[in-house]
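Shown next, in structure tokens, is the structure this report addresses.
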Amino acid sequence: MTIITTATALLADIAVEKDRTDAVQTFVKQETILVEITTADGLRGTGYAYTIGTGGSSVLALLREHLLPLLAGADARNVEALWQRLFATTRSTTTGAITSLALAAVDTALWDLRCKRAGEPLWRLAGGHRQEVPLYDTEGGWLHLSTDDLIRSALEARKAGWAGVKVKVGKPHVAEDVERLRAVREAVGPSMHIMTDANQSQTLSSALRLAAALEPHGPYWLEEPLPADDVSGHARLAAATRIPVAVGESLYSAMQFRGYLESGAASVIQVDAARIGGITPWLKVAHTAESHNAMVCPHFLMELHVSLAAAVPNGMFVEYIPQLRAVTRTELTVRDGCAVAPDVPGIGIDWDMDAVDNRRVA
């Protein structure tokens, strides 16, 4: 009864809810890749992955032409075995974004099935540490926004009881970044966390200058200061500043995270379930981070990551960037400044498939 009978994939474009810019790019749209897996007893699991503008059709082709045909006749309960089998067939394209995104769409669908079959929500079946996780806001901190806009959004988040806000950095002059951070800090006071994010825009020398200039204003972390594959550069920066260094959204294998943790190059781990290859490797990264006494604050995908951050003891924050409201029937529940993990069986995302079909890419 748990044998997989069908596995299908589609691509849908979801428009951004508001303009989003950082130091290196603009969020054009969310290319959303959905995988639906059905078992012989009629149970259905839905998983997904995403890009922010390009590559979605390539992920879809990899799924349809190579990965999904391998699922027919397999036992959906054997999630780890299936992940390893699909990974083994794509060794010539790993480690890389396209393959990890494809694996993630399948893996989250299998976890959706696993949770539904067990009658348990994802946050409990993946670990069950707690159901609520503190929120911080990113939507009010994009690089194109004025200082007044940053302050207004930060004050709204503070009034709502949220733990923190993110301010993007990477302006042409460090003085601009410093002034924006200083203004927000003065507005919200010393107790609210202000995360900063450079989106891989710096060199080591410029990152050292930036960190030194930001440090007096108490940033909670400095995110992706350097290109993601510059582990040694991050290690040198981390040793030179008191600001915690955060990385993870642009890493695509568990081994890459191990390198960061073992070298002391990062102490905030922002593993993204879509980009790491799904829930199965996400949990491995989270537990590895725990063994290094490092916090996990996943990137984006708040509708999925709320359950994963709640599952593990070092899941510290959920990042607020709403993006699925146009294609889901329910929204993220927020209570007293915390995101609340859904308590229904499955991964907790109630897809509106009619809305998805209306955005389907032919």
Legend entry - From OG1 (T203) to CZ (R209), nearest 0.5 Å: 6.0 Å

Legend entry - Side-chain touch V184/R180, heavy atoms, less than 4.5 angstrom: no

Legend entry - Side chains of T196 and D177 in contact at under 4.5 Å (non-hydrogen atoms): no

Inset, instruction - Find out whether H305 and W282 are in side-chain contact, i.e. whether some heavy atom of one side chain is under 4.5 Å from a heavy atom of the other. - result: yes

Inset, instruction - Return yes if some donor-acceptor pair links the side-chain N/O of N314 with the main-chain N/O of A286 below 3.5 Å, else return no. - result: yes

Legend entry - Over 12 foreign heavy atoms within 6.0 Å of CG, D13: yes

Legend entry - Distance-only donor-acceptor check, side chains T93 and T99, under 3.5 Å: yes

Inset, instruction - For residues H234 and Y260, determine if any side-chain heavy atom of one lies less than 4.5 Å from a side-chain heavy atom of the other. - result: yes

Inset, instruction - Write down the atom of G315, the atom of V133, and the distance for their closest heavy-atom approach. - result: O-CG1, 4.0 Å

Legend entry - L301 CG to L324 CG distance, which is reported to the nearest 0.5 Å: 7.5 Å

Inset, instruction - Decide yes or no on side-chain hydrogen bond (donor to acceptor under 3.5 Å, both in side chains) for S250 and Q200, but give the supporting numbers first. - result: CA-CA 9 Å; S250 302; Q200 305 184 72; 3.0 Å; yes

Inset, instruction - State which residues pass ring-ring contact (aromatic ring centres under 6.0 Å, His included) with W142; sequence neighbours excluded, sorted by chain then number. - result: none

Legend entry - Backbone N/O of A341 and side chain of Q131: donor-acceptor pair under 3.5 Å: yes

Legend entry - Single-linkage hydrophobic cluster L135~I194, side-chain heavy atoms < 4.5 angstrom: no

Inset, instruction - Could you pull out the closest heavy-atom pair between V356 and A12, with the gap in Å? - result: O-CB, 3.9 Å

Legend entry - Atom of G348, atom of P342 and distance for their closest heavy-atom approach: O-CG, 3.6 Å

Legend entry - Side-chain heavy atoms of E331 within contact of P322, under 4.5 Å: no

Legend entry - D112 side chain vs G47 backbone, donor-acceptor pair below 3.5 Å: no

Legend entry - In one Ile/Leu/Val/Met/Phe/Trp/Tyr side-chain cluster, 4.5 Å: L63, I279: yes

Inset, instruction - Flag yes if V340 and W123 sit in one hydrophobic cluster, no otherwise; membership is Ile, Leu, Val, Met, Phe, Trp, Tyr, and two members link when side-chain heavy atoms are under 4.5 Å apart. - result: no

Would you list the atom pairs, donor with acceptor, under 3.5 Å between side chains in residues 213-221 and any protein atom, with sequence neighbours excluded?
{"from": "E215", "atom 1": "OE1", "to": "T241", "atom 2": "OG1", "distance (Å)": "3.1"}
{"from": "E215", "atom 1": "OE1", "to": "R242", "atom 2": "N", "distance (Å)": "3.2"}
{"from": "E215", "atom 1": "OE2", "to": "R242", "atom 2": "NE", "distance (Å)": "2.6"}
{"from": "E215", "atom 1": "OE2", "to": "R242", "atom 2": "NH2", "distance (Å)": "2.8"}
{"from": "W221", "atom 1": "NE1", "to": "E223", "atom 2": "OE1", "distance (Å)": "3.2"}

Inset, instruction - Report yes or no: do N199 and S201 form a side-chain donor-acceptor pair below 3.5 Å? - result: no

Legend entry - Neighbour count >12 (heavy atoms, 6.0 Å) for atom CZ, R236: no

Inset, instruction - Count the heavy atoms belonging to other residues, nucleotides or ligands that lie under 6.0 Å from CZ of R44, then report whether that count exceeds 12. - result: no

Inset, instruction - Supply the atom-to-atom distance L222 CG to I243 CD1, rounded to the nearest 0.5 angstrom. - result: 5.5 Å

Legend entry - N-O pairing of E132 and R335 below 4.0 Å: yes

Inset, instruction - Answer yes or no: is there an ion pair linking E156 with R152, defined by an N-O contact shorter than 4.0 Å? - result: no

Legend entry - Distance-only polar pair, side chains of T39 and R117, donor-acceptor under 3.5 Å: yes

Inset, instruction - With sequence neighbours excluded, give me every ring-ring contact (aromatic ring centres under 6.0 Å, His included) pair touching residues 327-361. - result: Y48-W351

Legend entry - Heavy-atom side-chain proximity of W83 to V106 below 4.5 angstrom: no

Legend entry - Sidechain-backbone polar pair: N78 side chain, A81 backbone, donor-acceptor under 3.5 Å: no

Inset, instruction - State whether the side chain of T51 and the backbone N or O of G53 hold a donor-acceptor pair below 3.5 Å, judged by distance alone. - result: yes

Inset, instruction - Determine whether H292 and E262 make a side-chain contact, defined as any pair of heavy atoms from C-beta on separated by less than 4.5 Å. - result: yes

Legend entry - Note, E303 side chain near T328 side chain (heavy atom, < 4.5 Å): no

Legend entry - Closest approach of L82 to A76 (non-hydrogen atoms, all atoms of both residues): CD1-CA, 4.3 Å

Legend entry - Over all atoms of both residues, closest heavy-atom pair of L70 and R85: O-NH1, 3.0 Å

Legend entry - Distance in Å, L143 CG paired with R20 CZ, rounded so as to fall on 0.5 Å steps: 15.0 Å

Inset, instruction - Measure the CZ-CG distance between R359 and L11 for me, rounded to the nearest 0.5 Å. - result: 13.5 Å

Legend entry - same_hphob_cluster(V174, L226) at 4.5 Å side-chain heavy-atom cutoff: yes

Legend entry - Rounded distance (nearest 0.5 Å) linking atom CG of D197 with atom CG of D22: 7.0 Å

Legend entry - Any donor-acceptor pair under 3.5 Å from D137 side chain to A157 backbone: no

